[in-house]
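What follows is a single structure, written as structure tokens, with notes after it.
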Amino acid sequence: LRASGVDPAEALNGGWAALGVIRLLAVLGIGALLPTVLLIVWGLGTVVLLWPMLRSAWTLHRLARSLGVVTNGTVAAATGAIACELDVPTPRLYLGSAGAMPMVWGIGRGRILLPAEATEWDTVRLRAVLLHELAHLRRHDPLTQAIAQVARALHWFNPLAWIALR
């Protein structure tokens, strides 16, 4: 190694390998383009991971507009009462089609979707479902999930970002 002009200590700590990679990139003529190529690849990965999140937000926005907010009736009254009980701002309530899965969304003001048959549920079942859904809003789960999704999209190349989102 000394004959080639490389310090053995530098070769042991990886400096020599890095020098070889830099020389290879220079020989191939892509050394100057590498940061640009890496930035483009990172950007494409980020967009690919953010796209489903944006598409879901748009779909939920359209769903809410098509359903309209429920402000009257036993379900709306129960939602308001339980929201007060949990010290959560009263969310917008939507009744979807029969069999719709109860869910929450919304980073600012929360929104709850219940199936149409929720108007026929007994008070125990209605209370249990609303307590569950409002607990998500109390813990700010939609915001936490959005932050986690954006963090993973920005750090998609890091395996720990994928593990942390589980």
Exercise. For Arg139, which residues count as a salt bridge (charged side-chain N to carboxylate O under 4.0 Å, His left out) partner, sequence neighbours excluded?
Worked result: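 So Arg139 forms a salt bridge (charged side-chain N to carboxylate O under 4.0 Å, His left out) with Asp141.
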Exercise. Rounded to the nearest 0.5 Å, what separation is found between the NE2 atom of His140 and the CD atom of Gln145?
Worked result: 14.0 Å
For this session: Compute the centroid of each ring, for Tyr94 and then for Trp105, and state whether the two points are separated by less than 6.0 Å.
Result: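 Yes.
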Exercise. Could you give all pairs that pass the salt bridge (Lys or Arg N to Asp or Glu O under 4.0 Å) test and reach residues 76-86, with sequence neighbours left out?
Worked result: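 Non-adjacent pairs meeting salt bridge (Lys or Arg N to Asp or Glu O under 4.0 Å): Glu85-Arg127.
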Exercise. Please, which pairs that meet salt bridge (Lys or Arg N to Asp or Glu O under 4.0 Å) have at least one residue in residues 90-111, sequence neighbours excluded?
Worked result: none
Problem set entry | Leu114: hydrophobic cluster co-members (side-chain, 4.5 Å) |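 Via sub-4.5 Å side-chain contacts, Leu114 links to Val70, Val75, Ile82, Leu86, Val88, Leu93, Leu95, Val104, Ile112, Trp121, Leu126, Val129, Leu130, Leu131, Leu134, Leu137.
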For this session: Would you mind listing the cluster partners of Val47? Hydrophobic ones only (ILVMFWY), side-chain contacts under 4.5 Å, chaining allowed.
Result: none
Exercise. Can you find a heavy atom in the side chain of Pro115 that is under 4.5 Å from one in the side chain of Pro102?
Worked result: yes
For this session: Output every pair passing side-chain hydrogen bond (donor to acceptor under 3.5 Å, both in side chains) with a member in residues 50-72, not counting sequence neighbours, ordered by first then second residue.
Result: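 Every candidate side-chain hydrogen bond (donor to acceptor under 3.5 Å, both in side chains) pair involving residues 50-72 fails, so no pair, neighbours aside, qualifies.
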Which heavy atom of [X] sits nearest to which heavy atom of [Y], and what is that distance?
{"X": "His155", "Y": "Ala161", "result": "O-CB, 3.5 Å"}
{"X": "Pro142", "Y": "Gly106", "result": "CB-O, 3.6 Å"}
{"X": "Leu49", "Y": "Pro52", "result": "O-CD, 3.5 Å"}
{"X": "Trp156", "Y": "Ala153", "result": "CD1-O, 3.1 Å"}

For this session: Kindly work out whether a path of hydrophobic side-chain contacts (I/L/V/M/F/W/Y, heavy atoms less than 4.5 Å apart) joins Ile40 to Val48.
Result: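 Shared cluster, no.
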For this session: Could you tell me how the ring of His132 sits relative to the ring of His136: parallel (under 30°), tilted (30 to 60°) or perpendicular (over 60°)?
Result: perpendicular
Exercise. Going through the distances and angles, do Met103 and Leu60 end up as a side-chain contact (heavy atoms from CB on, under 4.5 Å)?
Worked result: CA-CA 11 Å; Met103 60 184 280; Leu60 288 171; 3.5 Å; yes
Problem set entry | Gln149 side chain to Met53 backbone, donor-acceptor under 3.5 Å |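 No, Gln149 side chain to Met53 backbone: no donor-acceptor pair under 3.5 Å.
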Problem set entry | Stepwise side-chain contact (heavy atoms from CB on, under 4.5 Å) test for Leu113 and Leu67 | CA-CA 10 Å; Leu113 173 70; Leu67 294 175; 3.6 Å; yes
